[in-house]
Amino acid sequence: VQDRIEHPWGPPTPIARGAIWPARVDQHLTEGIASEDVDRWVPAASLLHSNGDAMDIAVRDGRIVGVRGRADDRVNRGRLGPKDLFAWQANASPDRLTTPLVHGRPASWDEAMGRIAETCRTLLDERGPSSMAFYTTGQLFLEEYWTLATIARAGIGTNHLDGNTRLCTATAGEALKESFGADGQPGSYDDVVHCDALALWGHNVAETQPVLWERMRDRLLGPARPRLLVVDPRTTTPAREAEVHLALRPGTNLPLLLGLQHLLLARGWIDEDYISRTTVGFDLLEAAVRDWTPARTAETCGLPAAAVEAAAELLGTCEALTSTVLQGFYQAHEATASACQVNNIHLLRGMLGRPGAGVLQMNGQPTAQNTRETGANGDLPGFRNWANGEHVRELAELWNVDIMNIPHHGPPTHAMEIFRLCEEGSIRFLWISGTNPAVSLPELARIRKILGDDRLFVVAQDIFPTETTALADVVLPAATWAEKTGTFTNADRTVHLCEQAVDPPGQARSDLDIFLDFARRLDLRDKDGDPLVAWDSPEEAYRSWQRCSAGRPCDYSNISYEDLRREGGIQWGGARLYHDGVFPFAHPERCESYGRDLLTGGAFEPTEYRAMNPDGRALLRAAEHVPPVEPPDAAHPLRLTTGRTIYHFHTRTKTGRTPELAAAAPDVWVELSPADATALGIAAGDVVRVRSARGAITAPVRVTDIREGVVFVPFHYGYWDTDHPHRPADDDGRAANELTPTTWDPVSKQPLFKSGAVVVERMEAR
Amino acid sequence: MRLKPTGSLGAALSDAHHSIADLAGETRRLGERHRPDHDVHHLTSTLGRLLDAAAATLARGGDRYDQSLSMPTPDADRSGGSLAPAREKLADALGGRPIAGALLLADLRRLLGVAADASIACIILAQGAQATGDRDLLEAVTAAHATVLRVHRWALTRLKTTAPQVLTS
């Protein structure tokens with residue numbers, strides 16, 4: 001058996017184009033336990049990335065003793081990544097939260113929930129629903145988000161509900177809405193098996209979705225391998241395998257895409273019939289790319305013109321193109337505009353809705369898709385359009401509340417705005433569930449100040465003490481994966497049921513039970529006086545959601561718990577969306593959004609959308625490039641980009657408590673190019689201070705094949721495992737987000753973690 | 001050119017140019033007054049640059065109409081005048097108070113007024129350009145107008161999201 005820390009992707013199983021991906025069952029059991037010692041195998045899927053790898057949890061004597069991949073599941077065919085193989089151990093970590101805390105003191109559930117309910121009632125009386133906000137995650141289950149969305153939107157009536165999915169996946173959702181009228185991944189993981197060209201746009205898939213990379217790698221190692229294009233300033237594992245690797249200057253994704261489209265048009269590498277039959281907006285796009293010649297593109301992006309030409313040739317001459325997009329685009333300058341240009345390329349070439357021809361605007365977190373679907377992030381539940389009165393009326397009917405109880409005067413408030421309203425003091429109550437903003441949001445000094453402000457009552461619901469729970473008024477201990485039942489959906493729309501395998505520790509409760517308790521304490525009722533949240537179990541919540549989703553793109557009405565138990569992963573919407581150039585949810589009556597100006601986020605009116613797209617075609621979206629917000633200067637000459645390692649997830653609350661993973665990547669580091677290291681007189685292993693206009697961190701240097709002028713810092717590391725567990729002790733921070741600027745994409749409102757300027761200083765040996 | 005340019009078309013050109021320059025200044029001042037509101041702060045600097053470019057395009061056409069229109073300073077990030085530091089300081093001091101929202105609402109409302117005025121000036125000029133058959137001027141003013149409308153759309157979107165919070169909290 002291979003060491004899966006040393007060899008994270010396991011042994012390859014090369015395949016030819018169109019072949020069936022063979023199974024390879026990965027398993028890890030506690031030392032001393034063999035398969036026959038396991039009492040029960042409980043079906044679940046991975047909660048440590050967005051791939052939704054199906055697995056069985058091994059249980060013995062009421063404890064988790066290991067995991068095994070499910071060979072029959074479409075997503076992973078038995079494979080598991082290193083985080084899945086090892087991180088289940090964190091469930092049994094001795095420092096789990098096991099009792100509620102009120103101002104740091106252990107309390108009963110009744111006292112803690114009573115305190116929360118009383119604070120809410122007082123605020124509702126004195127300041128109204130817009131003084132209350134909820135900030136959730138991409139790591140709970142669908143049933144839990146649906147319950148929270150019902151409470152916040154129909155019960156309390158606040159517009160301030162968002163998820164940390166704003167940081168990871170908001171641009172995916174927005175780009176899909178802008179191009180196709182509604183959220184929903186057009187492609188399927190199966191496209192990887194059928195394509196003859198693969199393009200990874202700012203997607204370090206080998207580290208973020210290792211099993212998806214294994215699928216790609218197996219094609220690359222097999223006969224008739226697809227040609228691979230990688231756009232990334234770092235020489236990542238996929239970049240090393242690529243025919244064309246564009247290590248562009250950060251902040252220039254959009255110019256690159258405009259330049260590539262310029263070439264597709266100039267060379268006639270487009271499907272004119274598809275374009276004229278199925279799209280609107282070609283003329284504006286043509287005008288927008290006209291001046292982006294290869295020479296201008298190359299100069300702006302800091303690339304050789306020949307490389308731009310080679311990329312265009314790869315994209316323009318293939319017969320089945322699969323694209324994936326992730327944080328290198330979503331968390332970078334002009335995020336939505338750039339992600340839309342990838343959709344454009346697929347529309348220009350008619351590369352959608354058939355095997356091998358698909359776009360996956362990826363997700364980062366395991367259940368981010370559900371946060372978006374249920375209206376806990378982005379738009380209204382079921383990908384409904386807040387600006388379409390008919391859509392809101394459907395929800396009012398479903399919830400049986402007065403339509404005026406549901407805030408729909410504007411788009412749901414995004415997370416960065418929620419924190420801004422907390423900062424100015426008009427939000428006084430913030431309930432944070434399953435996320436750690438004191439490490440994951442930009443400009444941490446500001447975030448700590450906001451969360452620490454006495455005016456703001458903070459509830460933090462989590463499974464471990466974190467940098468955020470340290471700042472909370474009330475802390476609620478939650479159950480996690482394997483300790484509760486629910487469904488979630490991966491980045492290619494595959495739904496899995498994740499069953500409870502063991503009991504939660506101490507007094508910890510499922511997030512669903514916590515929300516249900518809250519709804520009862522506030523006595524939320526519908527307009528007939530019946531309980532608004534009329535369910536008690538995950539399956540009842542799911543049935544309610546099935547009714548909400550019926551007829552919308554994310555239609556779960558024909559996927560039951562029973563089906564999921566019987567069949568394993570099932571895709572909503574079928575294998576691929578948008579066959580034959582039909583875009584049913586782009587129609588003005590059905591679309592999730594009427595669209596926005598990609599430069600400013602200014603919203604189009606319903607009448608404008610109707611005039612532009614009366615028949616519901618796909619939208620080719622033109623965009624223009626403007627310079628980034630914080631370019632390097634003399635004081636801060638280098639560009640910062642933050643990112644991930646395969647061994648950790650988010651702020652390491654689980655992976656940092658997993659011995660194998662913690663040992664594989666124990667502490668923060670800084671990556672510099674050889675040229676920058678030499679210029680600064682820095683050698684590998686030297687400790688440096690990285691400073692931006694907002695803060696500083698210290699870390700040892702790794703000299704890597706990153707683009708010159710760019711500094712990489714992984715964002716996972718905070719303070720909980722230091723001797724000053726809530727914040728930096730002095731000027732020597734550890735969290736990458738001490739450095740990042742508070743700025744976000746105007747359309748998706750996703751914070752731009754891959755932006756900002758820094759200076760790197762060599763520190764004297766201590 | 002079919003018709004000889006007239007004095008009043010020149011005046012309309014000058015008027016549109018000044019209106020757009022005013023809008024650029026007002027947009028920048030909004031950004032300075034609301035520096036802690038990062039969205040507003042960053043976007044106003046981008047929009048200010050676009051408006052400068054729009055004004056510059058019109059200014060280039062000015063000579064033909066005997067109008068000497070001052071070109072905006074090419075420096076992209078020029079501030080909104082000598083009071084800019086004071087405005088930013090005040091903004092930082094107010095950023096942590098609920099009054100910040102009410103001030104933003106009032107400032108957006110004023111900006112929308114200036115944008116509407118600039119839009120009308122562009123329409124008047126475009127009509128004149130159309131009537132005189134000045135294709136180049138028509139093209140320039142149409143592009144400039146699109147930028148003005150873009151600022152208007154952004155400000156209206158922001159106003160719509162700001163108003164409910166200010167009025168209900």
Side-chain angles (χ1 to χ4, degrees), chain A residues 123 126-133 157-160 333 387 407-414 416-428 442-443 446 449-450 453 455 596-597 599-605 608 624 626-631 741-746 749 751-752 755, chain B residues 27 31 34-53 76-77 91-105 108 111-112 115 139 142-143 146-169:
Chain A
L123 275 175
E126 291 175 3
R127 295 175 160 266
S130 47
S131 62
M132 292 180 57
T158 177
N159 209 22
H160 309 323
H333 181 52
H408 60 286
H409 46 68
T413 314
H414 61 91
M416 299 304 289
E417 180 75 0
I418 287 178
F419 277 83
R420 168 70 194 132
L421 296 175
C422 292
E423 182 178 41
E424 69 168 37
S426 72
I427 288 176
R428 297 295 177 103
E443 200 177 349
R446 171 175 176 261
K449 188 160 169 248
I450 293 170
D453 190 325
R455 290 180 301 188
R596 290 173 178 276
D597 179 345
L599 180 83
T600 67
F604 296 123
E605 297 295 325
E608 292 174 292
E624 72 236 67
V626 295
V629 163
E630 189 180 90
T742 300
T743 179
W744 56 85
D745 181 66
K749 320 297 184 190
L752 305 183
S755 67
Chain B
T27 303
H34 298 280
R35 186 161 70 163
D37 206 310
H38 297 80
D39 181 37
V40 171
H41 183 67
H42 294 318
L43 269 172
T44 48
S45 95
T46 300
L47 293 173
R49 278 197 300 267
L50 293 183
L51 287 164
D52 288 347
D77 277 318
D92 290 345
L94 290 174
R97 308 223 188 126
I99 187 78
L103 291 175
L104 178 60
L105 190 59
L108 285 166
L111 182 72
L112 279 163
E139 222 166 76
T142 304
T147 303
V148 170
L149 291 176
R150 189 166 219 183
V151 174
H152 190 277
R153 181 192 302 284
W154 168 76
L156 188 61
T157 300
R158 199 68 180 82
L159 176 121
K160 282 182 175 176
T161 55
T162 302
Q165 186 70 12
V166 169
L167 302 180
T168 63
S169 64

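What you see below is based on every heavy atom in this structure, not just the backbone, and it leaves out hydrogens, waters and symmetry mates.
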Asks: Going from CG on A:L421 to CD1 on A:I427, what distance comes out if it is rounded to the nearest 0.5 angstrom?
Replies: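 Atom-to-atom, A:L421:CG and A:I427:CD1 are 4.5 Å apart.
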Asks: Of the listed residues (A:E630, A:K449, A:R428, A:R455), which shares the most heavy-atom pairs with chain B below a 4.5 Å separation?
Replies: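 Heavy-atom pairs under 4.5 Å are most numerous for A:R455.
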Asks: Check this for me, if you would: do B:R153 and A:E608 make a salt bridge, where the nitrogen-to-carboxylate-oxygen distance has to be below 4.0 angstrom?
Replies: yes
Asks: Name the region of A:P627, side chain, backbone, both or neither, that has any atom closer than 4.5 Å to a heavy atom of chain B.
Replies: both
Asks: Check this for me: does any side-chain nitrogen of one of B:D39 and B:R158 sit under 4.0 Å from a carboxylate oxygen of the other?
Replies: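 The answer is yes: the pair qualifies as a salt bridge.
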Asks: With chain A as the partner, which of B:T168, B:V151, B:T46 has the greatest number of non-hydrogen pairs under 4.5 Å?
Replies: B:T168
Asks: Can a side-chain donor-acceptor contact be found between B:H38 and A:T743 if the only test is distance below 3.5 angstrom?
Replies: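 Short answer, no.
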Asks: Could you check which of A:G410, A:S426, A:P741 has the highest count of heavy-atom pairs closer than 4.5 Å to chain B?
Replies: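 Ranked by heavy-atom pairs under 4.5 Å with chain B, first place is A:S426.
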Asks: Could you tell me which of A:R596, A:K749, A:H160, A:M416 has the largest number of non-hydrogen atom pairs under 4.5 Å with chain B?
Replies: A:H160
Asks: What part of B:T161 is in contact with chain A, defined as an atom under 4.5 angstrom from a non-hydrogen atom: side chain, backbone, both or neither?
Replies: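 Side chain only.
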Asks: Would you call B:R150-A:D597 a salt bridge at under 4.0 Å N-O?
Replies: yes
Asks: What part of A:E624 gets closer than 4.5 Å to chain B, counting heavy atoms only: side chain, backbone, both or neither?
Replies: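 For A:E624, the side chain is the part near chain B, not the backbone.
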Asks: So does A:R420 pair up with A:E417, basic N to acidic O under 4.0 Å?
Replies: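 Not counted as a salt bridge, because no side-chain N and carboxylate O are separated by less than 4.0 Å.
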Asks: Pick one of side chain, backbone, both or neither for B:L47, based on which atoms fall under 4.5 Å of a heavy atom in chain A.
Replies: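 For B:L47, the side chain is the part near chain A, not the backbone.
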